[in-house]
Student: 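If you scroll down you'll find the structure; I have some questions about it.
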2 protein chains.
Amino acid sequence: MKVLLVGAGAVGAYFGGRLAQAGAEVSVVVRSHWERIVQNGYQIDSVDGNFCFRPSQVLRSTEEYTDTPDWVIVATKVLPEVDLPVILRGALASKHTAVLLIQNGIGIEEPLLAAFPEHEIYSAVAYIGVTRIDPCHLNHQGVHRLIFGRCDGQPPSEKAAGLAQAWCSVGVEARAVDDIRYFRWKKLLWNTPFNPVSVIGGGLNTRELTDGGEIEALCADIMAEVAAVAAAEGVKLEPELLEETMVYTRSFPPYKTSMLVDFEAGRPMEVEAIVGNVLRRARCHGVETPKLQAIYALLGALNRRNLRG
Amino acid sequence: MKVLLVGAGAVGAYFGGRLAQAGAEVSVVVRSHWERIVQNGYQIDSVDGNFCFRPSQVLRSTEEYTDTPDWVIVATKVLPEVDLPVILRGALASKHTAVLLIQNGIGIEEPLLAAFPEHEIYSAVAYIGVTRIDPCHLNHQGVHRLIFGRCDGQPPSEKAAGLAQAWCSVGVEARAVDDIRYFRWKKLLWNTPFNPVSVIGGGLNTRELTDGGEIEALCADIMAEVAAVAAAEGVKLEPELLEETMVYTRSFPPYKTSMLVDFEAGRPMEVEAIVGNVLRRARCHGVETPKLQAIYALLGALNRRNLRG
């Protein structure tokens with residue numbers, strides 16, 4: 001199996017590295033640290049056993065890849081300046097090549113579906129605790145679950161089952177499912193309240209987000225708004241799920257959300273994928289989402305200010 | 001006329017200084033910089049002509065004032081730790097003494113009305129551009145308007161008319177009115193959206209608050225919620241007033257709100273007077289205020305974090 005991995009941050013490099021471990025020929029396209037990755041590959045310290053990931057090729061763009069990949073796996077952040085159809089065009093000459101997006105948010109697949117209507121396009125929801133110690137050194141603290149499904153709503157192909165199987169063979173809990181939309185919205189139940197509020201509230205960790213007071217109530221209200229938008233989209237999230245998500249978050253040792261980590265490092269935040277697109281869906285359906293509107297406005301202002309430095 | 005001024009920050013010292021200029025005997029109670037104020041008084045650079053304000057007495061508490069004041073004027077910030085009935089008790093032995101609160105927010109007079117039911121208690125809404133250069137040196141850039149009225153809803157007394165007259169004699173636009181609640185709510189139309197959003201949005205000036213985008217829309221929504229709560233309280237704010245407030249704010253040269261100045265200096269913000277009390281009134285009346293709820297939660301979190309350092 002030939003895999004071209006685009007975006008080898010912590011999440012991408014981890015799951016790509018596991019595929020290489022499973023015997024796939026995994027090449028990576030990276031924007032920075034090219035020389036170090038060529039020399040060292042990635043060192044991955046994992047609770048499930050340390051390993052080294054040496055990509056077959058380390059490339060600077062998809063155009064440099066001369067072979068026909070079975071899979072293009074995309075693990076970039078979802079930002080307005082990242083134009084995926086343009087970035088991926090070089091690697092999608094053959095419709096044999098399937099795409100898997102390991103990315104957060106909602107509405108992220110639409111530009112690709114429009115640009116490549118004949119390719120199998122999947123999106124994945126990842127659950128993983130992995131951080132980057134330096135560009136070539138990751139720390140995997142626990143959990144590595146991937147749930148993916150076809151963005152056009154069709155059931156997963158044999159090829160997708162094969163990809164899941166490759167991951168499972170090295171211990172990753174990967175699963176190809178029929179209705180990926182359900183899982184994407186389910187993950188937004190967490191991402192849409194907690195990520196923005198952690199930033200807007202001045203740097204709140206998960207313990208402070210579930211304070212039993214006004215902040216937790218705000219997060220719960222945002223969660224309910226997300227569930228209402230999902231329902232309008234035909235995705236039913238069980239009411240118990242909202243309370244379970246809160247209970248689960250309370251049970252964590254206090255930690256910073258990924259959006260807060262990005263914000264504090266002066267990096268762009270995934271405002272549109274995680275909040276803006278939910279809000280646009282709400283408007284289409286006439287669903288009232290006042291709390292989402294408020295956090296969208298405030299998060300956007302903070303993001304712009306942060307990027308101006 | 002004998003006046004005891006409690007809280008001689010920029011606003012208090014300015015209006016107190018003007019009364020002294022009008023011939024009143026004005027003493028001040030200050031928490032800090034006692035010696036410097038005794039030595040120098042206040043130097044006030046004003047667009048209307050510079051002047052010096054030398055208080056009759058500079059005191060550390062109201063108990064040190066041995067005379068019976070005609071007026072106790074309070075210009076402290078409205079913070080949970082400032083217990084006005086306790087602070088003022090020493091100066092309110094005689095019911096001859098009237099009280100004027102020059103303070104922001106709503107619901108600020110209730111503890112005093114309960115503690116001193118036989119005193120005339122007024123509250124004022126101040127419009128003034130004054131900043132403190134150092135503890136004894138103020139800069140008055142423009143406007144000095146005071147509108148005040150009795151907190152129990154009765155019409156202003158002769159004594160109140162006399163106070164307004166004293167200010168007017170030195171050019172301050174002071175006016176005693178029948179329905180101060182209208183003016184207090186009207187001022188909240190500005191304070192409740194713009195002050196908190198300037199802070200929560202990461203330090204937005206008035207130009208950025210009226211950006212014609214999501215932030216301005218958020219401010220407009222909060223304004224509409226404030227007007228709805230006012231209406232439920234029996235205070236009718238004309239719909240044009242909301243648009244006028246926005247137009248007026250757009251016309252300013254960009255400047256920082258007072259809450260943002262406090263936040264950046266690590267000082268406590270008037271969260272309850274300006275947001276929390278509005279929200280509690282809304283709950284009493286069953287008025288929906290989702291945007292206010294969101295900013296209250298976020299502002300509270302930022303305030304706590306800021307005060308922890």
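Proteins come first, then strands; the chains are lettered A, B, ... in the order of their sequence lines, and each starts at number 1. Values in this document were obtained by computation on a predicted structure and should not be read as measured data.
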Student: What's the shortest heavy-atom distance between A:L204 and B:A301, and which atoms?
Tutor: CD1-CB, 4.2 Å
Student: Looking only at heavy atoms and a cut-off of under 4.5 Å, which of B:G203, B:A217, B:G213 has the most pairs with chain A?
Tutor: B:G203
Student: With a 4.5 angstrom heavy-atom cut-off, is it the side chain or the backbone of B:L218 that approaches chain A, or both, or neither?
Tutor: side chain
Student: Would B:E214 and A:R304 pass as an ion pair if we require N to O under 4.0 Å?
Tutor: no
Student: Within a radius of less than 6.0 Å around CZ of B:R305, do more than 12 heavy atoms belonging to other residues, nucleotides or ligands occur?
Tutor: yes
Student: Determine whether B:K291 and A:K291 satisfy the following criterion, side-chain contact (heavy atoms from CB on, under 4.5 Å), listing intermediate values before the conclusion.
Tutor: CA-CA 6 Å; B:K291 302 279 162 74; A:K291 302 280 163 71; over 6 Å; no
Student: Name the member of A:E216, A:Q293, A:E288 that forms the most heavy-atom pairs with chain B at distances under 4.5 Å.
Tutor: A:Q293
Student: Under the side-chain contact (heavy atoms from CB on, under 4.5 Å) rule, what do B:I215 and A:L298 come out as? Steps first, then yes or no, please.
Tutor: CA-CA 7 Å; B:I215 284 288; A:L298 295 164; 4.3 Å; yes
Student: Other residues, nucleotides and ligands only: do more than 12 of their heavy atoms fall within 6.0 Å of CZ on A:R31?
Tutor: no
Student: Name the region of A:N306, side chain, backbone, both or neither, that has any atom closer than 4.5 Å to a heavy atom of chain B.
Tutor: neither
Student: Within a 6.0 Å radius of atom OH on B:Y248, are there more than 12 heavy atoms belonging to other residues, nucleotides or ligands?
Tutor: no
